Amino acid sequence: MGQAARTPRGRHFFANPGPTNIPDSILHAVAHPSVDFNDPTFFALYEHCVAGLKRILKTQDEIFLYTGSGHAAWEASLVNLLSPGDRVLIIETGHFSDSWAKMVADLGLVADTLAADWRRGADFAGLQAALAADSGHAIKAVCAVHNETATGMMLPLPQVRAAMDASGHPALLLADTISSLGSLDFRMDEWGVDAAVGGSQKGLMLPTGMSFTGVSAKAMAAHAGSRLPKHYFSWTNMLGRKHKSFVGTVPVTLFYGLQESLRLIDEEGLDQVFARHSRLAEAVRRAVRHWSGNNGPQLFCESPDRFSDSVTAILMPEGHDAEAVRTTALGKFNVSLGAGLGRLNGRVFRIGHLGDLNEPMILGTLASVEMSLKLCGVPHAPGGVDAAMAYLVSAA
C-alpha cells in the first residue's frame, strides 16, 4: 500500500513571494470592529497611515489609494495619465512586464516593448536610443517593474531615469514597486518617478486588498488632460472626497493593520529592514549556488548587480519539473514555494524572502527544498543549507 498523506502539523512555512507572511500583531490589528470611516478618530489614524506610506515611498507628492490588488493600481495609473491611442514603452523584465503590456493594449493604448533577456535584464543604452528616436514624443510613458517577481531580478530605476534624461524625452516614468516597496530601497522623488504603484500584501505585510499610486506634480498635470474613461479610479473624483482616495467605502480594518505595519517598520528602522532583506536573500543565493554543483538547479538571474533581495527564482535542470519539487515541499514538509509564472511554469520555482522573515525561517525553507530535491531525484550538490548558514554566521 502507498504511504498515507500527512496531516500538516506545526507552523505552515509560507515562502511565496506574495502574498507574504502576516505578523501576528497585524492579524490582531485587522481583527478590529467596523467603525465609521468618517469618524474623527479613524480619520486621524488614516492620515497617519498615508503619511507613513509617503515616508516609505520617499515622496512629498500625492498618493491615491484603492480597494484592489496591485493590478488595480496599475489600471488606475494608466487611465488617469493617458488618452486613447497614446503610446507606452514597457521595459521587458518578465511575466509582470508582459502583463502590464497586455493591460495597456486592453485599455486602448499602444504598447511598445524594449526587449530584454529575462535572465540578464534590459540594456539602458537601448532605452536611451529608443526614446531619442521618438523625436515627435509619441511615447507618453515608460513603464518599469522595479522588482520582477517572476524572475528574481531588480531593475535599477536610477539608470532608467538617467537614460530618459540623457535622451531629453519628456515621457512620464511609471514604476511598479509591488514586490520591492518596504523590502528594497525605493526613492520616488529622488529618482524622478512620476507614478509609483504599490500594494498591501508584500513588504507591507498586510492582507491582499489595498493598493495605491504615488503621483508626482508632473503626473498630476498629465492627469488633467487624460481622456481614458474612469470613475472609481478617477483621481479627480478622489480629490473631491474627504479622504482624497477611495470612491466609495474605505477598507477601515486594513488601516488598523497598516498602522501596525508602519509601527513594526519604524521600530526596526527602514535601512535595517533593507539590510535584513539583503542578508537573507544572499543566504538563499549561497544555497542555490552550492546546489548548482553536479548540474543542479541554478539562479535564474544571471546578472549579480540585479539580484532581487525579495525573491529568488531557481531554474531546474533540464528534464526536471519544478512543480514536482513544489508539490513535495508542501506535501511532505508543509512548505509553500512560489510557482514559475507564464512561460517559466514548470521550469522554475521561487523562494520569497520578503516581509516578516528571519534566519530560522529561511533555513527551514532551504532545508525543506534540499530534502525535496533529493526526494524528487533532482541532481544537486548536497550542503546548500550549510553554505547558507556559513554566510549568515559571517554576516551576523
Side-chain angles (χ1 to χ4, degrees), residues 8 10-30 56 70 146-150 152-154 177-186 198-208 257-258 260-288 299 301 307-314 326 329-330 333-339 349-372 384-385 387-396:
R11 192 77 181 236
H12 176 55
F13 271 50
F14 192 72
N16 265 266
T20 60
N21 296 291
I22 303 174
D24 290 344
S25 64
I26 291 179
L27 288 172
H28 291 305
V30 298
I56 295 175
H146 184 209
N147 189 75
E148 175 58 67
T149 321
M153 183 182 294
M154 180 274 301
T177 76
I178 293 169
S179 66
S180 62
L181 193 69
S183 304
L184 285 64
D185 193 14
F186 179 78
S200 59
Q201 75 275 18
K202 300 205 179 192
L204 295 177
M205 306 171 287
L206 291 164
T208 306
L258 180 55
E260 175 61 11
S261 169
L262 293 168
R263 187 194 70 79
L264 293 173
I265 291 170
D266 288 343
E267 179 181 70
E268 185 175 1
L270 194 55
D271 288 342
Q272 286 69 39
V273 170
F274 299 151
R276 172 169 55 85
H277 280 76
S278 178
R279 185 171 65 251
L280 298 178
E282 181 58 24
V284 172
R285 293 191 289 265
R286 296 289 177 105
V288 179
L299 294 169
C301 177
F307 284 151
S308 167
D309 282 343
S310 64
V311 56
T312 296
I314 300 162
R326 292 182 64 244
L330 183 61
F333 309 118
N334 201 18
V335 173
S336 177
L337 304 169
F349 65 90
R350 297 173 299 146
I351 297 176
H353 33 79
L354 71 165
D356 186 41
L357 207 63
N358 61 21
E359 287 82 354
M361 295 165 77
I362 282 292
L363 292 172
T365 295
L366 293 174
S368 299
V369 170
E370 188 160 333
M371 290 188 289
S372 298
V385 181
M389 287 193 297
Y391 168 72
L392 289 171
V393 168
S394 71

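Basis for what follows: all heavy atoms, side chains included, without hydrogens, waters or symmetry-related copies. In this text, all values refer to a predicted model and were calculated from it rather than measured experimentally.
The minimum heavy-atom distance between H353 and I362, with the atom names listed, is CB-CD1, 3.7 Å. For the residue pair A29 and E260, the shortest heavy atom distance occurs at CB-CB, 4.0 Å. For the residue pair R350 and P17, the shortest heavy atom distance occurs at NH1-CG, 3.3 Å. Considering every non-hydrogen atom in both L206 and I22, the closest pair reads C-CD1, 4.1 Å. When all heavy atoms of A313 and G152 are compared, the closest pair comes out as CB-N, 4.1 Å. In plain terms, the two heavy atoms of M205 and I26 that are nearest each other are O-CD1, 3.6 Å.
L330 contributes atom CG, which lies 6.0 Å from atom OG of S336 (distance to the nearest 0.5 angstrom). To the nearest 0.5 Å, atoms CG (L258) and CD1 (I265) are separated by 8.0 Å. Between the CG atom in N334 and the CZ atom in F14 there is a gap of 11.5 Å [rounded to 0.5 Å]. We find the CG-CD distance between N16 and Q201 to be 12.0 Å, quoted to the nearest 0.5 Å. One finds the NE2 atom of H12 at 14.5 Å from the CZ atom of F333 (value rounded to the nearest 0.5 Å). S278 contributes atom OG, which lies 8.5 Å from atom CG of L184 (distance to the nearest 0.5 angstrom).
R279 contributes no side-chain N or O that, together with a main-chain N or O of A396, makes up a donor-acceptor pair within less than 3.5 Å. H277 places a side-chain N or O within 3.5 Å of a backbone atom of G355 that can act as its donor or acceptor partner. For E359 (side chain) and L392 (main-chain N/O), no donor-acceptor pair under 3.5 Å exists by modelled atom type. When atom types are taken as modelled, the side chain of R326 and the backbone of L337 share a donor-acceptor pair closer than 3.5 angstrom. A donor-acceptor contact shorter than 3.5 Å is absent between the side chain of S261 and the backbone of G257.
The side-chain heavy atoms of R263 and D266, taken from C-beta on, include no pair separated by under 4.5 Å. Counting only heavy atoms from C-beta outward, the side chains of S308 and M153 never approach each other to under 4.5 Å. By the 4.5 Å heavy-atom criterion applied to side chains, C301 and L299 are not counted as neighbours. For the pair L262 and I56, the minimum side-chain heavy-atom distance is below 4.5 Å. For the pair F307 and T312, the minimum side-chain heavy-atom distance is 4.5 Å or more.
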For the pair R11 and D24, evaluate salt bridge (charged side-chain N to carboxylate O under 4.0 Å, His left out) and give the outcome as yes or no after the intermediate values. CA-CA 12 Å; R11 192 77 181 236; D24 290 344; 3.4 Å; yes
Run the side-chain contact (heavy atoms from CB on, under 4.5 Å) test on H146 and I178 for me, step by step, so that the C-alpha distance in whole Å, both residues' side-chain angles and the decisive distance to 0.1 Å come before the verdict. CA-CA 8 Å; H146 184 209; I178 293 169; over 6 Å; no
Derivation of the side-chain contact (heavy atoms from CB on, under 4.5 Å) call for I314 and V369: CA-CA 11 Å; I314 300 162; V369 170; 5.6 Å; no
Run D309 and R285 through salt bridge (charged side-chain N to carboxylate O under 4.0 Å, His left out) and show every step you take. CA-CA 10 Å; D309 282 343; R285 293 191 289 265; 3.4 Å; yes
Check against side-chain contact (heavy atoms from CB on, under 4.5 Å), I351 and L366: CA-CA 9 Å; I351 297 176; L366 293 174; 4.0 Å; yes
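Looking only at atom types and distance, the side chain of S183 has no donor-acceptor partner in the side chain of S310 under 3.5 Å away.
Take T177 and apply the side-chain contact (heavy atoms from CB on, under 4.5 Å) test, not counting sequence neighbours, and it matches S180, L181, F186, A196.
Tested against L354 for a side chain to side chain contact (heavy atoms under 4.5 Å, CB included), the candidates N147, T20, V311, L280 yield a single pass: T20.
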